[in-house]
Amino acid sequence: MKIFSLILLMTLMLITNSVVAQNVKIKIIANNNDAPVLMGADWLNFHLQRVEFLDSCVIKGGEGYLEFDLKQPTHVRILEHFFFVQPGDSVLLNLDVDWSSHKVREVKAVKGKNSSNYMFSFILEKETDQKMPHHQDYNDLMEYKAERFRYCQNQIKFISKLAKKYPISETYYKFLTDKNYYEYVADLAQPFRDRRINRNAIRKEYYKEYLHMNFHDEKLLGFSAYASCLWNYHYFILGNPDLKPFSYEHFLDIYTTTLQYFKGKMRDNQLRDLIVYYANMSNMKFDDRFEKLYEQALSIVEDKELRDIIEFNNFFGKPQYKDVPEALANAVFKTVDNKQVAFKEILKANIGKGVYLDLWASWCAPCKAEFKYSEQLYNLLHKNDVALVYLSIDKDANKWVKDVNLYKQQNNYSFIATEETRKILEETLQVTSIPRYIIFDRQHKIAYSNAPRPSQITRVEGLLDKLTANSKKVKPNIQSPPPIQAPPASIGANHGN
């Protein structure tokens with residue numbers, strides 16, 4: 001499955017402001033005295049629920065604790081397994097773990113509110129052994145569709161049978177059955193991507209589900225596969241499938257049809273998702289034409305949380321130029337030789353320069369994967385008179401120092417946060433997940449609070465161009481974005497089989 005569908009299918013639950021968050025408490029008992037438990041929700045490209053902050057907890061003395069707020073049910077990854085979690089859950093999980101692979105071998109016991117959902121999640125993953133049909137194995141797409149639908153029906157029957165043996169909540173049962181149907185519809189789009197088949201060459205009977213789905217029902221936003229169907233509807237039914245992904249033209253195509261065919265929260269969610277998705281594409285070249293569309297999207301979207309997410313991912317927009325919060329300016333960090341230094345002193349040491357701040361930790365594999373681009377990044381920053389500063393949120397200083405030396409970080413530009421400072425980073429910069437990158441201008445104002453990664457070097461270069469005070473770059477003549485149009489009456493019928 002290509003990266004486009006992978007990222008989209010990682011989306012599970014979207015929320016509205018009317019839903020109140022409830023606390024979730026999970027106590028983990030595992031067969032190890034001191035080991036990290038990697039956490040995560042189905043990471044949201046549409047990440048309004050903001051449960052992606054669940055990076056890890058540590059098992060100490062055989063026990064670990066997780067506590068977070070949740071607005072809607074979602075799958076939460078504990079180690080390499082996904083458990084279904086509902087707001088208000090209070091659960092004890094006793095796990096037998098293979099620490100070499102971070103996989104749960106067995107759920108030995110589970111107790112508490114909605115505990116049956118956790119056991120069912122584990123058993124379902126272990127016992128599902130049906131082989132899903134792949135379109136590459138079929139010359140006739142209608143035959144593939146029939147087999148894929150049969151697989152969907154068999155999965156639902158299997159879930160129903162298993163639920164009689166291991167009762168689960170109605171919410172979880174409906175989620176699983178609906179999820180299977182929407183995954184079936186979403187998979188119908190794969191032949192278009194993998195074979196680049198023109199949609200006009202396919203009989204309407206093949207993709208009729210797309211034509212009859214209700215793409216204006218906000219409640220359906222709770223399903224990742226439905227969200228994927230909505231994107232496919234854009235890509236294959238409304239838009240131009242011959243446009244290359246990750247281009248301005250492709251972005252504009254989906255942006256235009258979003259304004260034309262959708263309204264309200266469905267439109268706002270689409271705009272937010274579109275901008276966040278493209279902002280995070282590493283092979284997407286920086287293009288000034290995005291800026292006008294980005295600014296229009298900010299003016300269109302009514303929901304404040306959605307606007308905040310768009311602004312947070314402002315790889316297309318103008319620099320924010322926010323003052324460094326006083327609490328952060330005075331926050332104390334430590335050097336490799338254990339000396340204390342305030343953040344304002346770190347900035348002062350780079351007076352007259354911009355600063356590219358890399359927030360990482362020794363236990364964060366994605367963070368360390370970016371270090372292979374460090375030399376390329378350093379050369380770009382040096383050319384633009386920008387300092388590269390590393391800031392670790394490690395709790396284990398020895399592991400941090402070891403990695404500082406291993407990855408040849410410049411010691412006088414590498415610091416570690418204290419426990420108190422980690423809290424300040426979360427409160428002032430919303431650092432709830434890493435890796436995270438922040439760009440400060442030459443006056444040390446926060447220009448981009450969520451900057452591109454080192455691997456997105458062309459994107460970094462584009463933002464640095466915006467920060468160059470004497471830049472005489474001529475902006476292209478950009479036409480105004482298309483006006484919002486009412487959707488045709490034919491769009492939005494209820495789906496059917």
Side-chain angles (χ1 to χ4, degrees), residues 12-13 20-44 47 49-122 125 169 172 359 361-367 392-400 416-427 430-434 436:
L12 269 183
M13 303 306 296
V20 178
Q22 297 182 49
N23 189 248
V24 171
K25 294 180 180 179
I26 301 175
K27 179 180 179 180
I28 300 173
I29 298 176
N31 53 316
N32 196 292
N33 288 330
D34 189 1
V37 175
L38 300 180
M39 290 290 301
D42 273 348
W43 182 81
L44 302 176
H47 57 289
Q49 188 151 228
R50 300 189 184 186
V51 285
E52 75 276 11
F53 67 88
L54 301 174
D55 292 309
S56 70
C57 73
V58 176
I59 299 293
K60 289 187 177 180
E63 294 185 0
Y65 299 88
L66 296 164
E67 186 172 355
F68 51 93
D69 293 329
L70 199 62
K71 291 187 177 181
Q72 289 284 356
T74 186
H75 270 119
V76 170
R77 179 171 60 82
I78 300 177
L79 298 158
E80 292 301 316
H81 184 83
F82 282 96
F83 294 91
F84 188 74
V85 179
Q86 293 182 216
D89 282 3
S90 182
V91 174
L92 181 147
L93 278 174
N94 191 335
L95 307 176
D96 176 20
V97 179
D98 177 359
W99 290 104
S100 63
S101 62
H102 277 250
K103 290 184 178 179
V104 179
R105 284 187 292 236
E106 181 185 359
V107 177
K108 298 166 71 174
V110 57
K111 299 178 182 178
K113 184 179 179 182
N114 290 323
S115 59
S116 59
N117 292 342
Y118 292 75
M119 182 63 79
F120 192 91
S121 297
F122 180 75
E125 185 175 292
S169 69
Y172 189 20
L359 288 152
S362 64
W363 47 260
C364 173
C367 301
S392 169
I393 61 170
D394 267 296
K395 295 180 180 179
D396 189 327
N398 291 328
K399 289 183 179 178
W400 166 65
I416 188 172
T418 64
E419 183 175 355
E420 181 180 355
T421 306
R422 286 194 294 270
K423 294 178 182 178
I424 292 173
L425 286 170
E426 182 174 343
E427 292 169 358
Q430 288 75 53
V431 178
T432 54
S433 64
I434 54 173
R436 174 78 174 276

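Source: prediction; values computed, not measured.
- Pairing each heavy atom of V24 with each of G88, the nearest pair is CG2-N, 3.9 Å.
- Using a cutoff of 4.0 Å between basic side-chain nitrogens and carboxylate oxygens, D96 and K108 are not scored as salt-bridged.
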Report task. Evaluate side chain to side chain contact (heavy atoms under 4.5 Å, CB included) for R436 paired with I393, printing each intermediate quantity in order. Result -> CA-CA 11 Å; R436 174 78 174 276; I393 61 170; over 6 Å; no
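- The side-chain hydrogen bond (donor to acceptor under 3.5 Å, both in side chains) search around S116 returns none, not counting sequence neighbours.
- To the nearest 0.5 angstrom, L66 atom CG is 4.5 Å from I28 atom CD1.
- Considering only heavy atoms from C-beta on, I78 stays 4.5 Å or farther from V104 through its side chain.
- Between Q22 and P87 the shortest heavy-atom distance is CB-CB, 3.7 Å.
- Take D394 and apply the side-chain hydrogen bond (donor to acceptor under 3.5 Å, both in side chains) test, not counting sequence neighbours, and it matches S362, S392.
- Put simply, CG on L93 and CE on M119 are 8.5 Å apart, with the number rounded to the nearest 0.5 Å.
- Of the possible polar contacts, none joining the N114 side chain to the N117 backbone as a donor-acceptor pair under 3.5 Å is found.
- Checking I26, V107, L92 one by one against Y118, the side chain to side chain contact (heavy atoms under 4.5 Å, CB included) holds for a single residue, I26.
- Taking the six-membered ring where the residue is Trp, F122 and F83 present parallel rings, their angle staying beneath 30° rather than reaching 60°.
- Shortest non-hydrogen contact noted between Y172 and S121 is OH-OG, 2.9 Å.
- The structure places NZ of K111 at 10.0 Å from NZ of K27, a figure rounded to the nearest 0.5 Å.
- Here N94 contributes atom CG and E106 contributes atom CD; the two are 9.0 Å apart, rounded to the nearest 0.5 Å.
- Nearest heavy atoms, C367 versus A361: SG-N, 4.1 Å.
- At least one side-chain heavy atom of I434 sits under 4.5 Å from a side-chain heavy atom of W363.
- Within the 4.5 Å cutoff, the side chain of K113 has no heavy atoms near those of the Q86 side chain.
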